Amino acid sequence: MALDANHFAVYVAMQSIILSFSTLILTASGSSFTSSMGPLLPYDLLYYSGVRAYFQEDWDKAAELLEKSIANKESMRRLRRKCHEDCFDAGTDMLAKLDSEGGSLWDLQALEWVQQRAECLRFCVGRSVSPAGLLPVSIDIDYEFSTRNPYNFLQVIYYKLEKLQKAASAAHTFFVANPSHLEMRNNIEKYRRMKGVAEAAFQDREQHKEMHWALYDSALLSEASSDWQLAARKWRESVNETLRQTEDCRVHCQMSPQSLPEDRGVDGVDGVFEKAAVLSLSLLSCQQSCVTQVATRPGRISAQEDFLPTQLEHQHIAQFKADDLAGAIQTLRSLLLFYPSDTDSLGNLQFYYETLGEDKESQDKDKQPAQEIANYVNRSLQEKKLLYFGKENLGSDFIDPDLWTPEDVIPESLRESWRAEKEKLNKKVKEEEKEEEMDDSGFYAGGPVPQVGVTITMDDVAMNGTNRVVLDGVITSKECDTLLQLATAAASAGDGYRGRRSPHTPHEKFEGLTVLKAAKLAQDGMVNQSDARLLHELGERVRTLLDSYFRSPPGLFFSFTHLVCRTAITGDQEGRLDLSHPVHVDNCLLEPETGHCWREAPAFTHRDLSAVLYLNDNFDGGDLFFTTRDAKTVKARVRPGCGRLVGFSSGPVNPHGVTAVTAGRRCALALWFTKEKLHRDVEREEAEALWAADGQGVAKATEDGEAKGTSGRSGRSQTPKEKSRGRGRVTGGKDEL
Ligand SMILES: O=C(O)CCC(=O)C(=O)O
Ligand SMILES: [Fe+3]
């Protein structure tokens, strides 16, 4: 059976570790793995054993062991949390004596407190966990779990066991944390097309650990639909859940084995006090890093800045709009704990008080900030003071996760070196931006347009930017009509092409049809074969035009194509302020505040050239526009119309969005191209193979980008692909924008 390259490495590493566990495996593989009783077995051991069973293709055993390892990891976490709570008071009576005890005994009392707590925890954890379970887990295993790799194995295992619902759920769970994993994307697409796999199967099994994100997103959604009461409630829940998750993470720092830097650890030269200081600083640093951990979405590399304050900001606005002024004031005062001198917040507070008509005294008395936020901020400030002291005087390391840390907490010497660093960084970012404005994509607008009847309506100059173009006359009105009809026919065919709410706005419906879906619908007789072929063929036409106009380097591959319609939901358009598609960049995550564009998942980082071929203009709104990097100033605007093609390089020089579609249906053929063959659209090839198998050769892209006829290619299997050695394969995202 084929092995994934990464998994092969893991396998080799594991072999040696498995040997040292062999005695335990022998005993464990008897009754303990299947029994829910008895001490908790170490989840790393279960994981190693599960992976071994996987490579032996013992699917039942592999499933059982891997599931058990996931469950045991979770049980371990819960146990630690419970022991933390049970032992919270152990020895605290000693602390009370510290103040009153004269002489030199205070340190013994402090030590006694530490000892009593340690004894309580050791007993509490030790009675439920097997001795091996108390050993530290290797970094490799931690990494495997943090990237949700157990679900990568489980996906294959359940597929082999023909438990497709479970396989789909494992695939989805893995994909949430690995959104750029190309194979899994393909597999998910295939599960979706399989009979007997319900939509409900695509469940994130780890979602309970990331509940705050679900709440955060639903709060945003309520906001977008102006349901302020619900939004205020959701924001409150999201804040509470964020605090809870942070607490959970902090407990984990206390309860899991702490490793010290090599030179400062057990064998270091430090005396007892220095060692104690290093240990406590490493604990505090771990606890502070929970802010970053909780603010990082699964699958993302960077944390969302100012996560908690941002939520409070949203919450108070939602409360105000829901007429809960008292609540808004309390939340705003909580927010002010982070940024006490923020003029906007102070202005808002004043406004709220005036609206309530209260005097200052009753204001201060009644509406104190939420206690849990006050505790959070106080504790964090104390920790930061200690950590900065350690950084300045004890050589320890600390990366402050917060933007709100007041200047006076940071030692002057550090501030100075930071200022210098920041200046250097700013200079670098500016230089990078300049370079990016110049667009290093390898495209150079201004080449010939090799099709009779096509005109250049707007070029870089007319569009105030770099590598942008509007061409007219690319397709005929008959071709527009055919594709519009295809969209309608596919929509009414139902399965695989159901209109759903737009991912960007609740006021519009959104439908997307890929070439492969169209080919399959045609095969099933749901749409015209020739219409489906036209969808494919027009893509080729667009590629030829843009390849030439942008003088692209040899080899421009299709990355994703879909026929997409956005329809205004009637009766739900009043006072719309949102966009049909917010300002974005196609191949990176735009951060308008800094102007930086992060080339990381979930952006489609491999896209190099974007194209939108419009099919109609009988709708209101729906203009495409290009902006500056801060997403504030519109630099160019394009009104869609039949046969109009917009092309632009997909990088940071081209931030763009679409204004709200407030009446009618706006349809376009959206395409993205990539210079990397690895990222070409294999679904497109699958469609071509389908036609070829039916004896209908199609014009197909060859590797160097030329078109030629093909026939007789064999179709690819419709099963999820097993992990394969080497290169990944990609299709564009499903129903993506
Ligand atoms: O439909 C359009 O005009 C642009 C859509 C777009 O920007 C996108 O799908 O990324
Ligand atoms: Fe776009």
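Please read these numbers as outputs of a predicted model, since none were measured by experiment. In listed order, ligands and their atoms are each counted from 1.
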* Subset of ligand 1 atoms that lie under 4.0 Å from at least one heavy atom of His581 -> 6 (C), 8 (C), 9 (O), 10 (O)
* Structure fact -> Note: ligand 1 atoms sitting under 4.0 Å from heavy atoms of Tyr614 are 2 (C), 3 (O)
* Crowded around Phe202 CZ? As in, over 12 foreign heavy atoms under 6.0 Å? -> yes
* Asked: Sequence neighbours excluded, which residues qualify as side chain to side chain contact (heavy atoms under 4.5 Å, CB included) partners of Asp524?
  -> Met526
* Which N, O or S atom name in Asp586 marks its closest approach to the Fe ion (ligand 2)? -> OD1
* Asked: What atoms in ligand 1 come closer than 4.0 Å to a heavy atom of Arg566?
  -> 1 (O), 5 (C)
* **Under 4.0 Å to a heavy atom of Val658 - the qualifying atoms of ligand 1, by number** => 2 (C), 3 (O), 4 (C)
* To do: May I ask you to check whether Phe550 and Phe648 place their ring centres under 6.0 Å from each other?
  => no
* Near Leu624, which atoms of ligand 1 are under 4.0 Å from a heavy atom of that residue? -> 3 (O), 4 (C)
* **Note: Arg607-Asp586 ion pair, threshold 4.0 Å (strictly below)** => no
* With His314, which residues qualify under ring-ring contact (aromatic ring centres under 6.0 Å, His included), at least two apart? -> Trp235
* **Arg666 neighbourhood, listing ligand 1 atoms whose heavy-atom distance to it stays under 4.0 Å** => 1 (O), 2 (C), 3 (O)
* Asked: Atoms of ligand 1 less than 4.0 Å from Trp672 heavy atoms?
  -> 8 (C), 9 (O), 10 (O)
* What about the rings of His562 and Phe560, do their centers lie closer together than 6.0 Å? -> yes
* Asked: Looking only at distance, does His656 have an N or O less than 3.5 Å from an N or O of ligand 1?
  -> yes
* **Ring centers of Trp672, Phe557 separated by less than 6.0 Å** => no
* **Contact flag His656/the Fe ion (ligand 2), N/O/S atoms, threshold under 2.8 Å** => yes
* Counting only heavy atoms, which portion of Asp586 has something under 4.0 Å from ligand 1: side chain, backbone, both, or neither? -> side chain
* Using side chain to side chain donor-acceptor pair (under 3.5 Å) as the criterion, point out the one residue from Lys234, Glu210, Gln304 that pairs with Tyr216. => Gln304
